[in-house]
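Take a look at the structure below.
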Amino acid sequence: MDALVIKKAEEGSAERVGMMLREGAVGVLPCDTIYGLSGIVGKASADRLYEIKRRPQSKSFITLMTLCQLKGSSLEVPSELLGIWPAPLTAILRDRASGETVAVRVPDDDYIQRVMAISGPIYSTSVNFSGEKSLLSFEDILPVFSSLVDFIVSDPSIHGGTASTLIDATVRPFKVLRQGAYVI
């Protein structure tokens, strides 16, 4: 079965995508950096994303959240980051409850913010098979992932891009793990 193609510019598309994610769908979303393969935070979505990407489960996904969702979480968030987000900056944070680390980003994109207001936090990972080059345009993504995901959101304004900058915010000073779209 082919994925449902949803145009980002369509009236109500963010709300529709948010509901689909909340109901367990997995799809491809344009973001403030590059397209992302996404599903709601939870074991079922994670298992499906690992299978689609052919990725080892030892490699976790980035969790996208709104600032409000982040502030309401059990994650230890350095105050400096609250002054930066939303931005194309991913930070590894420690969960006060479990002690585990989580890579988190608050995207600077109104569309994704509207989606997450309905769906809740979502996993996001580059659109590719593990170890392969990321697919950066709708035209490249559609033929490869259409039979693997439930939906793909089309955004003609995205033709490439740079992944987010990744830092480890569990140490001081913060350690840059990948320089990307946010300049440190």
Side-chain angles (χ1 to χ4, degrees), residues 1-53 61-73 81-91 102-129 134-165 180-182:
M1 184 171 114
D2 283 343
L4 175 65
V5 174
I6 300 170
K7 293 181 180 175
K8 179 179 173 180
E10 278 179 16
E11 178 81 24
S13 73
E15 294 74 17
R16 183 178 184 191
V17 169
M19 287 301 297
M20 291 175 72
L21 287 166
R22 196 161 102 185
E23 293 168 358
V26 170
V28 176
L29 299 168
C31 204
D32 58 338
T33 53
I34 59 176
Y35 275 94
L37 182 59
S38 298
I40 192 169
V41 170
K43 183 173 176 7
S45 289
D47 288 346
R48 189 150 173 228
L49 291 170
Y50 282 119
E51 182 180 326
I52 290 168
K53 279 190 67 93
F61 301 116
I62 292 172
T63 299
L64 302 182
M65 303 174 136
T66 65
L67 202 50
C68 185
Q69 291 163 348
L70 179 63
K71 289 177 180 179
S73 75
L81 295 180
L82 295 175
I84 295 172
W85 275 325
L89 175 67
T90 300
V102 180
V104 174
R105 184 158 60 88
V106 178
D108 188 15
D109 181 274
D110 290 338
Y111 184 83
I112 296 298
Q113 292 282 332
R114 291 194 329 265
V115 167
M116 292 186 303
I118 294 167
S119 68
I122 58 176
Y123 292 128
S124 184
T125 182
S126 56
V127 185
N128 62 338
F129 297 116
S134 295
L135 301 176
L136 301 175
S137 72
F138 174 79
E139 294 75 21
D140 291 338
I141 293 166
L142 186 66
V144 178
F145 282 87
S146 182
S147 65
L148 302 174
V149 298
D150 302 310
F151 66 89
I152 299 174
V153 177
S154 167
D155 181 357
S157 71
I158 306 244
H159 296 286
T162 304
S164 64
T165 297
Y182 186 82

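Judged purely by atom type and a 3.5 angstrom limit, D150 uses its side chain to pair as donor or acceptor with the backbone of V26. In this structure, Q113 contributes its side chain and P86 its backbone to no donor-acceptor pair below 3.5 Å. No donor-acceptor pair under 3.5 Å is formed between the side chain of S38 and the backbone N or O of V28. Distance alone, capped at 3.5 Å, is enough to place a donor-acceptor pair between the S45 side chain and the I40 backbone.
Contact detail for I6 and M20: the closest heavy-atom pair is CD1-SD, 3.9 Å. Listed here is the closest heavy atom pair of Y123 and A46: CE1-CB, 3.8 Å. Taking all atoms of both residues into account, the shortest heavy-atom contact from M116 to T66 is CE-N, 3.7 Å. The two residues K53 and S126 come nearest to each other via the heavy atoms NZ-O, 2.8 Å. Looking at every heavy atom in both residues, V149 comes nearest to A3 through O-CB, 3.4 Å. Of all non-hydrogen atoms in L21 and A25, the two that sit nearest each other are CD2-O, 3.4 Å.
In summary, of the residues considered (K8, E10, K7), a side-chain contact (heavy atoms from CB on, under 4.5 Å) with V153 occurs for K8 alone.
Side-chain contact between L82 and K71 is present, with heavy atoms from C-beta onward closer than 4.5 Å. Proximity of D155 to Y111: side-chain heavy atoms (C-beta onward) are nowhere separated by under 4.5 Å.
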Inset, instruction - Carefully, step by step, assess L142 and I152 under the rule side chain to side chain contact (heavy atoms under 4.5 Å, CB included). - result: CA-CA 8 Å; L142 186 66; I152 299 174; 3.8 Å; yes
Inset, instruction - Show the numbers, then the answer: is there a ring-ring contact (aromatic ring centres under 6.0 Å, His included) between F138 and F145? - result: CA-CA 10 Å; F138 174 79; F145 282 87; over 10 Å; no
Inset, instruction - Please step through side chain to side chain contact (heavy atoms under 4.5 Å, CB included) for the pair L89 and L81, ending with a clear verdict. - result: CA-CA 9 Å; L89 175 67; L81 295 180; 3.9 Å; yes
Inset, instruction - Check the pair L29, F151 against side chain to side chain contact (heavy atoms under 4.5 Å, CB included), reporting the backbone distance first and the verdict last. - result: CA-CA 9 Å; L29 299 168; F151 66 89; 3.7 Å; yes
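Between F61 and Y50, the angle of the ring planes lies from 30° to 60°, which puts this pair in the tilted group.
Crowding of E51 atom CD: a count of heavy atoms from other residues, nucleotides or ligands under 6.0 Å not exceeding 12.
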